Amino acid sequence: MKFLRSLLDLPIFTKVETNKTCQILAWMFAFVAVGTVTGFLFVPLSNVYFAISVICLMYILTSGRKSVNGMMVALYITFGISTLLASDSFFNPKGRYLLFLLITLVCSPCISSPIVVAFRSLVFRNVFVLSSCLTIGSFVGYFGGINYMPYHMGRTDLVGNVTNVGIFSGLYTHSMLLGPFSAFTALLFLYSFLASRKKIYIAMFFMSAATVVLSASRAATLSLVVPIIFSLLFMKSIGDSKKKLIGLLVTVSIVAIPIADKFSTGVMQKQQGNIESGGTLNSRESKWNARIEEFCNHPVFGIGFCTVDKKRSEDYGLGGGVETGSTHLSILSMTGLVGFIPYFVLLFAAFKSIKNEYELDAKFRYCFFLIMITHATFEGYALYAGGFMCFLFWLSIALCFDYKYIKNMNCANLRSQEWIK
């Protein structure tokens with residue numbers, strides 16, 4: 001408990017002051033949302049997740065005077081047009097659009113007020129802290145044969161197997177969730193080390209980064225590397241933070257040398273398999289080509305919200321769920337130029353709103369944004385509102401706008417030396 005309390009008090013989380021109701025709802029949402037990706041919870045939490053989202057949205061809508069982000073309104077309108085013009089009802093675009101509205105009104109920058117901004121900041125903090133427990137537990141579980149993915153696959157013959165490529169999820173439900181969540185946790189401990197001089201965070205960063213590699217997810221591995229490189233090249237030094245970052249990476253690299261082969265086997269095998277199949281990105285290339293073809297056939301309004309060409313049977317399931325291979329390309333193909341332009345403007349505005357902020361908590365939010373944008377290049381979840389990764393994607397955008405909002409409204413002291421209360 002003391003360790004968890006120390007994480008909650010880290011100055012990398014922006015200090016916000018709010019009422020008890022907001023704090024309780026932020027914890028309730030975080031527990032339920034993280035529960036949906038937790039492997040050892042076999043109780044279906046989807047309906048609970050949607051219910052708590054409705055409660056949080058009602059709280060947000062009744063939180064007093066609010067401002068509305070015009071770019072998000074434009075995005076909703078253009079996405080709504082693509083929904084109405086969808087060519088195939090099999091994918092239930094209208095129902096998925098309404099669910100998308102519900103989730104993103106809670107986590108996107110559409111609605112802002114002191115209470116709403118504080119709520120999103122607390123959810124961000126709580127999710128990171130909870131996921132850090134699952135990630136470290138997954139690292140330890142690897143050596144004990146603890147792996148919950150086979151249970152959720154219905155493959156009892158693989159229970160206890162942690163060596164097959166792409167099936168290790170640790171305490172998460174799937175390896176493709178273990179990867180990005182472990183990247184979030186690695187980022188948390190990286191910046192925790194920069195914010196303090198506690199050497200325990202070096203060990204925690206090493207375990208989290210190793211777990212990213214154990215997931216055999218190349219997208220997650222790249223999404224962790226990008227913000228680290230950004231921090232080294234472009235982060236304005238705060239005290240001796242850049243020097244500490246370089247020291248941490250050198251230390252971790254030296255420690256990792258003797259065991260690098262064991263941890264990177266899955267990633268290397270997956271990469272080798274793709275090269276033998278015809279290319280470095282062969283597993284994604286066909287999906288990317290499909291999205292480009294759909295866009296070329298429907299360049300203005302797209303093929304339809306959450307819709308793909310049915311001749312690509314490998315891109316959708318019997319329940320109408322789709323796997324597009326890229327968030328950015330899927331928005332282009334599904335909503336056309338009419339939807340992609342406000343989406344791109346929104347991303348650029350989020351980037352611009354925080355790129356010149358040099359406090360450590362601002363850079364932490366910025367790097368989270370970079371992780372999500374990079375990872376979403378290879379995974380198509382931003383429109384799939386039933387998944388928690390969708391929530392995190394739009395939350396990463398909102399956090400960039402929220403930081404500027406907090407500074408402008410003087411709602412909190414943003415100096416990284418202050419502590420969350």
Side-chain angles (χ1 to χ4, degrees), residues 33-42 45 127 130-187 206-225 259-274 277 280-284 287 314 317 321-327 371-372 374-381 384 386-390 392-393:
V34 174
T36 63
V37 299
T38 301
F40 54 81
L41 295 179
F42 293 99
L45 291 176
V127 165
L130 293 175
S131 65
S132 69
C133 299
L134 293 179
T135 296
I136 298 303
S138 296
F139 177 83
V140 175
Y142 175 80
F143 300 96
I146 298 175
N147 180 20
Y148 282 95
M149 185 171 172
Y151 292 101
H152 292 274
M153 293 171 60
R155 292 291 303 275
T156 55
D157 57 311
L158 293 176
V159 170
N161 189 322
V162 297
T163 58
N164 279 26
V165 177
I167 69 157
F168 176 67
S169 70
L171 301 183
Y172 292 91
T173 57
H174 200 284
S175 61
M176 291 298 100
L177 291 169
L178 173 68
F181 275 94
S182 297
F184 304 154
T185 302
L187 181 68
F206 170 79
M207 288 189 281
S208 301
T211 308
V212 175
V213 179
L214 287 173
S215 72
S217 171
R218 292 163 299 161
T221 303
L222 180 62
S223 68
L224 176 60
V225 171
I259 56 176
D261 288 344
K262 178 178 177 61
F263 285 98
S264 62
T265 299
V267 172
M268 298 304 293
Q269 287 182 0
K270 183 179 284 189
Q271 183 64 15
Q272 184 61 35
N274 278 290
S277 299
T280 301
L281 296 171
N282 188 65
S283 60
R284 288 288 182 275
K287 294 183 183 297
E314 69 277 8
V322 298
E323 174 46 58
T324 60
S326 172
T327 284
I371 281 183
M372 294 306 304
T374 303
H375 192 257
T377 302
F378 306 94
E379 300 290 345
Y381 44 66
Y384 181 57
F388 186 40
M389 289 297 292
C390 171
L392 291 178
F393 179 81

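Given the structure is predicted, the values throughout are model-derived calculations rather than measurements. Along the sequence shown, the residues carry numbers beginning at 1.
- Note on ring orientation: taking the six-membered ring where Trp is involved, the planes of His152 and Phe42 are parallel (angle under 30°, cut-offs 30° and 60°).
- Across all non-hydrogen atoms, the minimal contact from Leu187 to Leu224 is N-CD1, 4.4 Å.
- A donor-acceptor pair is defined here as one N or O able to donate and one able to accept, closer than 3.5 Å; such a pair exists between the side chain of Ser326 and the backbone of Thr377.
- Judged purely by distance below 3.5 Å, without hydrogens or angles, the side chains of Ser182 and Thr211 never pair a donor atom with an acceptor atom.
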Exercise for the section: Might you work through the side-chain hydrogen bond (donor to acceptor under 3.5 Å, both in side chains) test for Thr324 and Tyr381, ending with a clear yes or no? Expected result: CA-CA 8 Å; Thr324 60; Tyr381 44 66; over 6 Å; no
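- With respect to Asn147, the side chain to side chain donor-acceptor pair (under 3.5 Å) criterion is satisfied by exactly one of Ser169, Ser138, Ser175: Ser169.
- Taking the side-chain hydrogen bond (donor to acceptor under 3.5 Å, both in side chains) definition, one finds that Ser208 meets it with nothing, sequence neighbours left out.
- Here the side chain of Ser223 pairs a donor or acceptor atom with the backbone of Ala220 at under 3.5 angstrom.
- Atoms CE and CE, on Met176 and Met389 in that order, are 11.0 Å from each other to the nearest 0.5 Å.
- Between Phe378 and Lys287 the shortest side-chain heavy-atom distance does not fall below 4.5 Å.
- Between the Thr327 side chain and the Glu379 main chain, a donor and an acceptor come within less than 3.5 Å of each other.
- Considering every non-hydrogen atom in both Ser215 and Leu178, the closest pair reads CB-CD2, 3.8 Å.
- Between Thr173 and Thr36 the shortest heavy-atom distance is CG2-O, 4.2 Å.
- In this structure, CD1 in Ile136 is found 7.0 Å from OG1 in Thr185, a value given to the nearest 0.5 Å.
- Within a 6.0 Å sphere centred on OH of Tyr384, heavy atoms belonging to other residues, nucleotides or ligands number 12 at most.
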Handout entry: Trace of the side-chain contact (heavy atoms from CB on, under 4.5 Å) decision for Phe388 with Val127
Key = CA-CA 11 Å; Phe388 186 40; Val127 165; 3.8 Å; yes
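- For an aromatic pair to be called close, the ring centres must be under 6.0 Å apart, and Phe139 with Tyr142 fails this.
- At a threshold of 4.5 Å between non-hydrogen side-chain atoms, the residues Glu314 and Glu323 do not count as touching.
- Taken from CG in Leu214 to CE in Met207, the straight-line distance is 12.5 Å, to the nearest 0.5 Å.
- Distance check: Phe181 CZ to Leu171 CG gives 13.0 Å after rounding to the nearest 0.5 Å.
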